Each structure stands twice: as structure tokens, then as C-alpha cells.
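First the structure, in the form of C-alpha cells, and then the observations on it.
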Amino acid sequence: MKLFTRRPGRRPTPKVAKRLGIVGGVMISALVLMAVFAPLLAPYDPTERVGAPFQPPSAEHWLGTNDVGQDLLSELIYGARVSLTVGIVAAIVALILGTTVGVLAGYYPKRLGKVLMQSVDVILILPFLPLLIVLAAYLGRSLLNTIVVIGVLIWAGPSRVIRSQVLSLRSREYVLASRTMGAPDRWAIVRHVLPRTALLATGTFVRAVSTAILLEAALSFLGLGDPLQKSWGSILFWAQSRGAFLTPAWKWWVLPPGLMIMIASLGFALVAFAMEERINPRL
Amino acid sequence: MKKRIAIPILLLCLALVAAACSSDTDDATTTTGGDGGSSDTTTTTEGMTEASVLRAAITGDEDTINPYTYISGFPGWNLLMMQYDSLMQLDANGEPQPWLAETVTTNEDLTVWTLKIVDGVTWHDGEPLTAEDVEFSLEYFMEKATGRFSRDLSSVEDVTSDDTTNEVVITLGATNPSFDLVALADVPIIPEQVWAEIDTPGEATYDISTNVGSGPYMLVEYEAEQFYRFEANPDYFRGAPQVDELVVVVFADDSGALAAIRSGEVDVNFERVSPEQIDLLAGQGGLEIAQGPEFTTQMINFDASKAPFDDLAVRKAMSLAIDAQDIVDTVFLGAATVGSPGWVHPDKAVYNPAVQPEFDPAAANAMLDDAGYADSDGDGVREYDGEPMAFELITNSSDSLRLRIAELTAEMLAEIGMDITVASVETATWEEAVWPGFDINNGRNYDIATWGWSAPIQANTIRVAELVNSDPSIGFLNLTGFSNPDVDTLSAALLTEADEAAFETGIMELQQLIADNVPFVMLAYPDGAYVYNADVYSDYEFIAGQGIVSKLSFLPDSARP
Amino acid sequence: MTSHGSPAFDPAATSAAHDAALEIRDLRVRFTTPTRTIHAVNGVDLDVAPGEVFALVGESGSGKSVSMLSVMGLVESPPAEVTGSITFGGRQLLGLPRREMNAIRGRDIGMVFQDPMSSLNPVHRVGRQIMEAIRLHEAVSKDEARKRAIDLLDRVGIPSASRRVDDYPHEFSGGMRQRVMIAIALACNPSLLIADEPTTALDVTIQRQIVTLVKDLQRDLGMSVIWITHDLGVVAEIADRVAVMYGGRIMERGTARAVYEDATHPYTTGLLHSIPRTDNALTEWLPEIPGTPDQITEEPTACPFHARCPLTEHDCTSGVPVLEVAGPDGHESACLHHTSVGDGDMLWPIQDREIPDPVLPSDDPVIEIEGLKVHFPIHRHGAKRGAAVRAVDGIDLTIRDATTLGVVGESGCGKSTLGRTLVGLVEPTEGRVLVHGEPLDSSSGPHRRVVQMIFQDPFSSMNPGMRVADIVAEPMRIHGIGTPEDRLSRVRDLLASVGISPDVAERYPHEFSGGQRQRIAIARALAADPDVIVCDEPVSALDVSVQAQIVNLLRETQMATGISLIFIAHDLAVVRHISHEIAVMYLGQVVERAPRDAIYDEPLHPYTKALLAAVPAPSPTAERSTAPTLEGDLPDPSDPPSGCRFHTRCPVAVEGLCDTDVPELRIVDDLRWVSCHLVESTIEITPPSPEPVGSGT
Amino acid sequence: MRRIGLKNLDRYLLVFVVAVSLNFLLPRLMPGNPLALIAGVDVGLMTPDERAEIITAVGLDEPLLTQFIDYWKAVLTFDLGFSYKSGRPIVEMITERLPWTLLITVGSLMVSAVIGIVLGGWSAWRRGKKTDLSMLTGMISLQSLPSFWLGMLLISVFAVQLGWFPSFGAETPASSYEGMARVGDILEHAILPIVTLTVLSIPGVYMTMRYSMLEVLGSDFIRTARAKGASERRVLFGHVARNAIAPVVTFLAIRFAFAFGGSVIIETVFSYPGLGRLIFEAVSGRDYPVMQAAFLVFTVAVIVANLVADLLYPVLDPRMRVE
């Protein structure tokens, strides 16, 4: 009964979040399918020069061609591969780092946790994008570096969320109970803390994918990614470096990859939102 | 629910579509639209030859433009020379002509140069410009290193001046046939009354008051990273400039500058327009493109000091496999001249037309087969010394055209069984690999690389010796570690050849030698293309190899050499 | 007004109803969620007369709070659907326009809520919050309102009110905040005050203060009071009339005396019999009400209590019984068989349990606590270096084989920390704990099997993602006891022994009620085959009607297995029913320790006396303790008072002695240890016996 | 005596130390030769002696530790040295750039704070209703916009196609605008960057405000306020909004830090002469001292923003006040 009387502001409408999540899921699935079946879907090999440079859309090239005559539609379709891979792998890096640090810091809040959280704080306070750029510039351009840089910089936020969850789990009585039974920390962490953190961690992971996709695009756009990798960000990099957004070409060269980035990021953000609502309904 | 999501996206799309639709009709008017970019024009005839204010765009700040602070060779030096004069001035053909020096005479072996300075030239501060100022300038640069100008004058042994005759005599340590081009047309003359007080120019603080020159323009205002304002020097000794005020706006990158010229916020772009913009811009309102040959180069370097590039067959095959014409057409959209394998630009007087680019992948494959580079394991990649011919082609990421060149080159080399991976790296990393510490004595850390030289090296043909001679003191720009005794001998001899005819014969021969031995693969000389708004001002002078950014563009025709 | 049969009023009741301040008819509240509908209130009729203190008693989920929130119009609608009629001072409140309802709230009806910690706006000064209540309804100047706010604070017993009026809520203790809440509720002299469990979150000593305050205020102001509570003890002290709710309906209603002494509903008698109390004769077992209260998710068609009622007959399920006259003074009962209820002794007998081979208490110590100190350093910025909360500050105790040690004290006295230290959750700062003579090591390992723990909150003490079988088997798996098959059969045995059908072992915790979970928790603790179980407030989170089941189960378990229990509680009545020996804690120290009967019959320490006096007796005619109420709050445990720590609140403290000299904990009488200067001086000191012996029952 | 906001001082100090050390180390760990930037493009034409001279002059031949100590000394005395590239004093470059970045970040922050708080509050008040849900969906979508892309589109549409706003820079170059005309000119230039940053900032403010509001709406003291007879409007403004604002302030500090850092991208897209463009140029140009200094200023700005939030928080939430 408390549910209704104590919190008059809370109105359980999980359906909405769920529906948004489904919409997001559909968006992600579509993009994943596009990435997987890129060779079937794309009319051309995106690395091959199949037309004259700077062609506007035509029957042969629905989105025209880029500056060296590669088919933009094919680039766009293949771009899903790199963008999604970077997003997901970077998020996995962040997930592993964030969960490890979050769980350790949450479970050992005293000395170890303090040190860990201090480093998390430092990372969170440091100016994010400038640091990202400095790091990316330092490491050089490759897909792997992009992934590492993004992963290494975005784990701090999730690790904080996970830590506070673990911190609360840690004092949850069933964890205390297992400790009073004489269970080693490992037991409590593996049996009680991790399973109860998994959903939250997955939620932050999905959110991290969304962030990572945007960051990859930004890095590629700034020319700090590998411009020869066919990602949506690098399509925009070429559009920018060859001035396409100042010409009519922005309609087929700038708009579509940006929309793809947005859809990808949005898809994951919606799923993350739905998951967050499930974990901690606030809608 | 789907509807709810759809709404914002739909709205966004609508806005974009609306903008997209409107663009076609608006294009015609945008040149006069925009904000605050209205430039006052004084005549209304087609193609303006006079303007009260001209706004020009450059990319990147050039600091306080004086001989010790300007940053880039282009357009930094060109802006510098708006305020200063050199003893000689390049004409439309890129040939040095007397300028501050009324006459330039030289002795037989080209070691003593006598210059008669124009009488009655005054500095911006009203002081007369005398032969002593010239002597002072040259000695100052030789004494206090600036890099470029010190190097220009490195062969100078002695400078004397005579104020009564207004003559300067420069004595060189050795024959230097291109001293006029390299030094006299390059070194700015600075006023003694200003610079005599500056002991350590590297550490001095400069402001506009130190920017006293004798040139057609005077810097009157400078906001770092934002703009320079030059005012015309009405008393300029060759005649008052046709543009009263020159505002040079600093942009972060090309696209900003392009947007600005399209919207009418600036009237000319001092930076080259990249090839894909040429047609687009040319179609816009009053925008026109000044296009012409330039002496910058695009090439492929390799480390010829190590296997397999030490083998002429490999180098030759690579050169045959790379279709320079395709690169010109695809990357430069035709706005470039196909590179001559003998280095020299076809527009140069000493160009050897017998040396022609060849594209013949079949011959290249045959050449490699003959030389024993077989693809023994059938993976499409040849081997050498048991290693697959797989290499990294390193290029600087900040140059998107080079990135594309690298991409295309890799594609072409794949046809002859070479597996090329393009590595796009930070400019500094790329420089460090190709030219470690900017000193070829440090060796090389690359297999294949994109490269290019700036205009001055091509402009002075004999500087090719610096690229191909294996003696580090001569060939200090020999980045490919190339070594060929014939090339060495000939290039060294030509450096001091005072006889014009002998030099011409020699340089023709050298071009053939270079083409035969392939120290690098020449790809193209991109054309200079400059966009300007003809409704504001159109009387630009295109100097071959230099473009339109020079004082000539703003002087009346009568004042031009 | 629709009604399920017009209840017949006797003349007195009718006249009371006639000028009733509040009249509720057939109030029904339903909450609709996407997954289900909950019928929270199912036809409540109620009248509260002017100047009357009316108590609404019921367990959680009985609909008592929702009913009163409906009166205030504070039930969010939707999801709630409120029907029926609520008239106040002749005006129909249900469906009143918001503006008019706002004018009534706060001015005519004031309300005090359960949790004083969260019911005040943390960002406004308390004065401002009181002033707001005044100025919302009366056009008075700021200065005037402020003056009245100070008066009100003074009135509700906030010391130096004129200074504290500018403090923020977080600068007040829980009890003080509840006083501020009362001041807000009374700001406009309402004719009705609704107090929704106002003392539930407070210590028993503070509860006493609040009850007294409200009683005094009610007398002075002549308003009506509706006091919502689950605690029958408080009701007996304050209420003129009582209504007992169950399952969203009123089960019984009448004057307090009638309801307590002549209860005519099985549920009421069941509660009165099953709750532990301090004022009756001790019995080995408590009578139990079987089953647990359920949420009602369908339109009720039967007596809501029928499933748990010993009197249930066929007709109990054929319709919803309505209130009928069951005695004089408007005493009504909603039981069809109220005439056969009697005094309840027959309905709720003490059921003797056969323990085949009971283990009797012995004198062998299982746990010895020596000089135990647990200090928690304070890291807060601005705290002095080395500052620490002295949660446990020098305790010596012995727990004997097969006995129960009850540990009582106000919240913050360190009793829970003591319990946690015993199971190794907290590292001692000083001193040590010996288990069977071996020092306890707080690292993990098999030695930790010996002491197990049962927690207060049955909802958080089980991993919601694990099956009951796995939960109970966890200690065995941790210690690698037996094969999986062995463990499963042991789990089934254990579940059966705590009264849970082994067939449900594959279910998840959320499918069980609080009482059932606490049973499972006991089974889990037993699975480790421990020698001692620390029970930290094991029944305080449970429904009143279920507490007795758990107390009995623990007692039974002890007799069957010979296990020792440390029973930590703030409720002296519960402790009494299970302990052999009692230790009273104050600010990290034991102030009195004695065999059970000695403590309850003749408490020696002034603190013990005050604690006992504060326990409300669930009988309106019970002899009220004459001991003075304890003043003020618990001092800051990081900076305990000098001398006797209790001297700041002690009614008999002697200046120059109690505030300077620290009293020793000494044996003062046979088996009794007290730390009080004054006790020592009055009682002949007997030579300390080496080991105090626990008294059996 | 209240001592407020100092609780995190040690943390910020640590961040500062780490940032200073990091930004000293990172550029030095990078490949590439700074010489080209000190000497300009003509470095290749210099003799080895000339090069060595320059390296000595800027101290690159010192042991790393010495450089490190010198660096700290310099940082603590606000002597940020000279740019390798332009030779200008860095303090001057930064003081030139900083106001522009502050203009667009603070400007966008203020606009997005107002819009975000109003929309978030409205959304929470109408929780579960159509407006709430569509706004929520819209905000999640906005969050997924790539910032640079948005900037590019805005330039394409509003500067190039429609010509309503200038496409680059902070002021009309070399204009002689004075007084209000200049202010107007600056605002005109700042609009597109501010719009971009604002669009990107609103969702975060909105979400924070909405969640914070929902949290507050569910708290007991709101019921107390209603029980006092407060009207909905009074509950909303006197209690809910006031209480919900504190987390938003913290968020705004974080958002400021983010927008400030994000200026790297926005200023690059809009050729806006702020600190973001400076650091991007310095990074790609290996201008060590400028990169270090700009990064440092970023860090300090972020720390200051956090400090301000820490100082403001107790003002908004008395529970945070340390006695």
C-alpha cells in the first residue's frame, strides 16, 4: 500500500519504457542486420571506384559518389560495420573496466575503494573531449586505438553507478548473511553481488555503446580516427575535408551518415532507457 | 508510440528538406546575401579593377608578419612581401625581374652581382630607402639566422653598398646561377632604422610599429587568429595599389573560408581551392577562379637504400604501375599537371619533353617477373628474399588529397603483386618517419610514403640536385636515400654551371637520368586555383608557380613587370 | 450514501454521530495498476465526534492510512479510485473542488505523518514551514506568523524555540522533527488532527513523549484526533474510541475499554492475546494467529479474516459481514459469530508444544565478550582527527549454552553493532570475543559457522534471484558440507522444521510473506549448524499478528537444538518472552544486566526503569507507570557525556557525582549487574560471584 | 561558522596535479618532432647546428625530470611560456581565446538551463501524460545527435543556404563596429554555435530536472505541503521546483565542463576562435606549450565549475552545509 500512498508522484507505466525499448531494439537489429549482410545489401564494393567523383544521386548511385568515385550508399551500408564494432567493443572495454573497478570499489569501500574512486573522480573531472583528442592524437590512427581510447575514457561513469549499486548490495542483508556464514568475499561477490549487478551493468553497457558510437563519429570527423576505414564518421570526415557540406552534396553526403549515427546511438539509448526504467522506474 | 518518436524526427527531416529545397533557388542570391560582407566597390564594370576594401581569406594565423615571425612559406611569405620589397620580383612567368634594384648586372662566372637601387623609394615611415638599407638587410639576415633568408644568402661572402651611387655589390663564394631567383627575388629588404635596434630578433616582441617596409601595403591592425588589416601605401614607388584596404581574415580551415566566400563575407581566398570546389564555386554569382600551373609537387617516396627498393627494377615497375593520369583525374579532378618522371614541370623553360610519364602495368609485371620477384605461394603478393612484398604506405592524415592518393596508389600497386597498407598518421609522425629530425643523416624509417615539395624547390630547377645527390652536403633533401653515380656527378656539376647553354643541356640530360633511375615516383603538379569575387575585384596576376597572392595582383597594370 | 445495512446505533452513539466532526460512509478505495487491482478500502463507515480521540488500529495493508488520506484528499487519483462519502463539519469532502479542499486541509484538518525524517521539506527552515501553514489560510503578516510559529514550537516542546525557529529540519532529532510536524498540523487550530502512525519510527522513550504531548494538546485545544497505529499499546493509552481494521474493513469498533476488555471480534482478541506484553503473566508460549494478512486483489465477498479465524463457518464466506451492535456504548463487531467469541482464551489457546528431547539451559559459556569496543572513525570533513562514533564502548558479557540473552536499548545504543561484531561483520577496535574459548576471527572460513545471524528485514535478507532451496543451502555450500543430495534433503528437513512446506523449495523469496521469509531465514541460520544465533530485531518488521509465530518458533528451535540466542530488540515486551537474561545498553555500554524476571519485576537502573515505563500497556485500565518520562534525546555517541553517560537524561542524577564519576558495572545483587552510583549506595553489596548464572524458565 | 564547499578540495587538488602531470607527459610521449613548429616550414633548410641551438633554447634537451620541475614552477607562476608555433606568449593567446569559449559555453548553458529546467519540470509535472512522453522521446533523440553533424547542418542550412547567420568566426573580421553594433555582431556570430551547444545540452538538463522532480514529487514532504492546504501551484513552485533544483545545479556544472570540452568540436566546425580550436590546432601541430596550457585551462575551468557547484549546493540544500 505504501507504494501508492507514500509516493503519489510515482505512476507505474512500464509499458511506455518497454515500447521505447522495443523501438530501440528494432533500430539496433536493423543496423546489425545491415552490417552483417552489407555485402548482399550494398550495390558496390565501397572501396572500389565505381563512378566519376562527386556524382549526385542517380539510378546507378542512389546517394551519388564520393570524392574518388566510390558509391556513397555502399559506404553507408558498410559503415555500419565499423561504427557498430567500435561502439560495441569500446563499450565492452568500458564494461569490463567499469564493472571491475565498480565492484571492487563498492565491495571494498575503505582503502581500495577510496583509491579507485579517487582515480574515477579524476577521470570524470578531467576535461573529457580534450583528453580524448590528446590521447587519440598520441596513440595514432587505427581502429584499435580508437576503441581503446574511447573505452578507457568512458568506463568511469558506469563504474560509479555500479559502485553505488554494489555499495548498497554490500550492506544488503543477504550479502551480510553470507558473510556471517563465513563465506569468503569471492563468494559474496560472485554469488550475490555480480548477479544482482548484471542488469545494471548491462544497462550502463548499452548506454556506453550509444556514447561510444557518437565518440567514434566525433573522432573520425576530427580526423583522429582512421579515415580510410569506412565508418559513418569517416564519411563525414571526407565530406568535411572536401567541403561537401557547403555544396548541394550535403543532402546526400552529410545528411545520411549523420542520420545513421543518430539512429544507431538512439537505438542503444532507447534500449538503455528502457532497461534503466526497469531497474529503477522513474517514468 | 512509434508516432511519438516519429514526430521529432519528422520535424527534423522536414526542416532539412525545406532547407534542401530552398537551396537551389537561393544559391543564386547567396553571394550577395550573408552578413556584413558587403565590400564597397568603386566601379560597376564587369570585373572590378579597383576596390576600396578587399577581404581575403587565409587558413591559419601567420603571427605578426615580419621576416622573423611569419609562419608559413605560403601564404605567410606572400603576405610578408605585401609589406616589403625584394630586390627583384617574379613576373607572370615566374622569372625574376628587377624591382627595388633598377638594374642587376653580374660578372662572367656569376659570383659578383651589382645592383643599382631605385632612387627615391621611401619606407612607410617616410625615411628614404637606400643602398645602405639593402646592405644592412642582407648582413642582418646572414648574421641573425631566420632559416629561409639566411639559407638564401648562404653563398654570399661580402656585401658593400655605396649610398652616393645607390649601388650594392654582392660577392658570392661560388658560382650560383640561380642567385637572382633564390635570393634576390626572395629576401625582403628591411629598414635599418627599425631593425638596427633589434639585437635578438628571435626574442624581440613585435607590434605593428616594427612592420615598416617599403611595399604597397602597410599592416595597420592585427587581431591574432582573426584578421590582418593592410592599408595601401599611396606613395608606392611603382604606383599606388588599386585596392585601398586589404583585410586578410584568418580561418581555422578551408571549409570556413569557402563558406565565407560563398556567402560573400570574403572576396578572395588566398589559399588554393581544392579541385572539387572549382566547378561548384565557378558557377556561383560573381565568383571566378584563377587557375594556372604551380610548382608544388605530389610524389611517392620509397626508401631506395634498402631492399627491395634498392633494385631499380622494383622502382621502375612501381613507376610503371602507377597511373599518374588517373590520380590527376580522380583526386585532382583534372586540375593538375601529370608529373614528369624527370622532376621538372612541363611549363619550365628547361623541361625535357622527351621524358614522358609511362603507365604500363603489364610491362611492370614482366619487369618484376624477370627480376625474380615471383609470387611463389600464389596469394597474389610477390616475394623478395623470402618475404612477401607487403609494405606500409605512410601518409599524413591532415592532407585528405594525399590520403586519397595513397589509397589509389595502393590499389594500383596491388596490380603488380605488391600488398600495400595505407597508414594515415599525424603529420609530425609522418615527417619523423620520412625525414627524421629533418636531417637525412638520421636515415629513414619508412617503406613507402606520400610526399611533396613546396614551390621554391621546383621553381629553381637546379635544386633537384638537393633531392637526388647522394652526397648529404648537396643532396640534403634526398629523402629516399637514392644513390646513382651518374646522377651525382651531373647534378653536382650543374650546381656551379655558369654557362646558360651548357646548363640547359645538362639539365635535360639530368631529367632523363632521373627518369631512368627513379629516385621517386612523380605523380602530379597540382594547379593553383584561386577563387575570387569578380564583382569586387578581378585584376589578379597569376604568377606561374606562385599563384595570385602577391603584390602584383594589386598594383596597376602599368606597375607590373 | 449507500450502506451495507444500516447499523443500529444506540442513543449515545447516535447522538455522537449526529454532531460528528467527521462522518465516513461506505468508503472504498481501489488502486488500479497495469497488472492488478488492489482493493485497499472496502466499505468503511466511521464517525468521529468533536473533541474525541479516535484510534484506527490495523496491520500494514489493512487500509487504515489510505482511509485517512482519502479524507485529506491526498490519495492520488488515478491510480486510486475513491468512492463513498466523507463529510466533515457537514460538508461533503469527496469530489470537492481542489481549491475548496485546499482551504480545508491544514486549516480544519491537520495531519501528522509517520516518518518525521522525510515529512519536512529539507531545504526550508522549520519556522518557514510553520509560517507557510499559517499564511496559507490566514492573512497575517510575516512577523505575526513568525511569532506564532515560535509560540507553536514552544507549545510542542521544542526548547529555545525562538532560536531554533531558523534551523533546518536536519538539525533536529527524529522526535523533535515529529514535534515540528505537530506544530505544522496545529498551526491553524484545526478541529481535527489525523496522526498517521506518528510514533512508529521513533524510539519507545520518544514515543512516550509524543503520546503525552498529543494528549495534552488535545485536552487543551479540544480538537478531535484520529490516531492511526498498529500498536495496540499506544491506543490503550490515548484513545477514547477504537476501530480495528482488517482487510480494508472495520472489524470492531467501540470505546477503548470495551474493545480491550470485551473484544467481540476474533481478530481483536487474537491480537490482544498474541502480542507480547510486559504486564501479564509469562507463559512458555505465545498464542498464535495462524497465517498472514493478504492483499485483497478482488472485490471481497467474504469476511476478510475468515481464512485465519478459528470461528470460521460456512456463512463467513457467503457474504461480507457488516458491523452489528455487540455491546453497550456503540460497541459493534463485524463478526457473524461475535456472540461466541468470549474472552478469546478459548479461541486463542496457548498451544503446548511437544519438544521430544528438550535441551536445557546450562552454565557453560558459549560466547564470552571481553572489554569489547567498536569505534567507527568519523571521516566527515570538519570532524576532529581521531573522532569516532563509540558504538560499543567497553562491554563484558557471557552467553551461556542453550540460553537467550536479550539485548535492549534505544536506537543508537550500540546493540546492533554488538550483534554484528559477534558474527564478524564488524571488526572490534579493542577487546575480544571468545567462542568456546577460542578468539573469534573476523576473516572468512569454517570457524565462522558457529555464530549465525537473523536479520530484521525479511525482504532484504534474501537474494531475490535465488531459490529458497539455494538460500537455505548456502551455508552448507560455503562450508562444503555434504553432497548436493545431502544438502537437498537437509534443506527439506530444515524447511519442515520451521513450518515451511518443503514443496515450495524451488520458489523465489518474493513469493513468500514476511513471516514466511523470516522462517526461511531461521532455517538458513540453522543450516550451518551453529551454536549461537544472533537475532537482530527479528520480529520488528513483521505484522503484529505474525510476531508471535516467530517468537514461538525461535523458542522452540532453541529447546530442540540447544542453541544459544542473542536477541536484540528495542521492544522490551518481545524480549521478555524469549530471554533468560537481559542486558540493557545505553550509549555503547551495558548499564544493567540481570535475569529476566528481576529486570521486569524490579528494574534498578533509572534508565531501565524509564524504558519499562515507556512501554505502553495494551489495556486502557492498566496501571500506568508513575516513573517520569525520559527527557530529551540520546546524546551524540561520538562525544558521550562525562561521568555516568546517562546523567544528562537521568531524573535522579546527583550533581557532582553522576556528571563526574564513571560508575562501574558491578554486581549489586544476586546475579544482577548495574552501573549506577545511586543503586550501589542503596543496595547492600554482595561479594561478586565469579560467574553469574543464567536463570532458567 | 559555516565552512562550505571545501569537502572536495583535496579531490580537486588531486585532479589538478594529475592533469598537470598528464599534460606534461602526454605530449612528450607522442611521436613527432616539435622542431618543425618552432622553426616553421623552413626547418629542413637549417643546419644541424641551428637546430641544436633551437632545441637548447626551448629546453627540450634537458632531462625529463628537470623539464617537469620547470614545468610545475611555470604553471604555479602562471608563466605558460611561448608558443612554439607562433612564438607568442601563451597567456596572451589564452586570454584572447578564453572569453569566446566562455561566451558560447556559458551562453548555451544559460539558455539550455532555462529551457531544460522548464521542460523537465513540466514533463515531470505531467508525468505519464502525452506531453511528458513525447518530450521524453524527443530528448532522448536529441541526445543522440552527433554535435559536429548538427553544426555542419546548421551551417549548411542557416549560413550557406539561407544566409541568415554568419558561418564562421566570432566577429565580422576587421569591422569597425563599436558599442551596441559590435555586441549585435558578436551575438549574431555566436548564435549558431550557441544553438548547437544548447541543443546538445538541453536533454541532459531536462532529464536531470525531470528525474529530480519525480524524486521530489514522490517525497513525503510534498504530501505534508498538500496536507497544509497548499495549492498545486504553491506545491510546485514552493516545494517541488525549489527542492529539485539542487541536483540540476550539480548537473549544470558537469554539463559546463562537458560543453567547455565539447567546444573543441563546435569551435572547429564554426571556425570559432576559442580555446577549443586552440587546443585542436595545438594538438595537431604538436605545439607542446600551447597544448599543455590549453589543457590546463580546460582542467582548471572544469574544477572551478565543480567548485562553484559545490559552493552552490549547500546554498540550495541546507543538508549539505557542514557546521
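Quick caveat: nothing in here was measured; it's all calculated off a predicted structure. The chains referred to below are lettered A, B, ... by the order of the sequence lines, with proteins before strands, and numbering in each begins at 1.
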- Task: Sort and list the pairs that fulfil salt bridge (Lys or Arg N to Asp or Glu O under 4.0 Å) and have at least one residue in residues 118-129 of chain A, not counting sequence neighbours.
- Result: A/D121-A/R160, A/D121-D/R11
- Query: Which atoms form the tightest heavy-atom contact between A/V206 and A/A272, and what is the distance?
  - Reply: CG1-N, 3.7 Å
- So which of A/I123, A/V254, A/I263 has the biggest tally of heavy-atom pairs under 4.5 Å with chain D? A/V254
- Message: Using a 4.5 angstrom heavy-atom cutoff, name the option from D/V302, D/V264, D/I140 with the most pairs to chain A.
- Response: D/I140
- Rounded to the nearest 0.5 Å, the CD1 atom of D/I94 sits from the CG atom of D/L296 at a distance of 8.0 Å
- Query: At their closest point, which heavy atom of A/M34 faces which heavy atom of A/W232, and how far apart are they?
  - Reply: CE-CZ2, 4.2 Å
- Message: Once ring-ring contact (aromatic ring centres under 6.0 Å, His included) is applied, do any residues pair with A/F205, and if so which ones, sequence neighbours excluded?
- Response: none
- Message: Counting only non-hydrogen atoms closer than 4.5 Å, does D/F258 touch chain A with its backbone (N, CA, C, O), its side chain (CB onward), both, or neither?
- Response: side chain
- In terms of heavy-atom proximity below 4.5 Å to chain A, should D/A19 be classed as side chain, backbone, both, or neither? both
- Apply side-chain hydrogen bond (donor to acceptor under 3.5 Å, both in side chains) to D/S201 and list each qualifying residue two or more places apart in sequence or on a separate chain. D/R255
- Residue part contacting chain A, namely of D/I155, when any heavy atom lies under 4.5 Å: side chain
- Message: Which one wins on heavy-atom pair count under 4.5 Å against chain A: D/I303, D/I265, D/V18?
- Response: D/I265
- Query: What orientation do A/F221 and D/F148 show, parallel under 30°, tilted 30 to 60°, or perpendicular over 60°?
  - Reply: parallel
- Message: If we ignore hydrogens and angles and just use 3.5 Å, is the side chain of A/S265 paired with the main-chain N or O of A/M262 as donor and acceptor?
- Response: no
- Item | Nearest non-hydrogen partners of D/W125 and D/M213, listed with the distance | N-CE, 4.1 Å
- Can you pull out the residues in residues 209-219 of chain A with any heavy atom less than 4.5 Å from chain D? A/L214, A/A217, A/A218
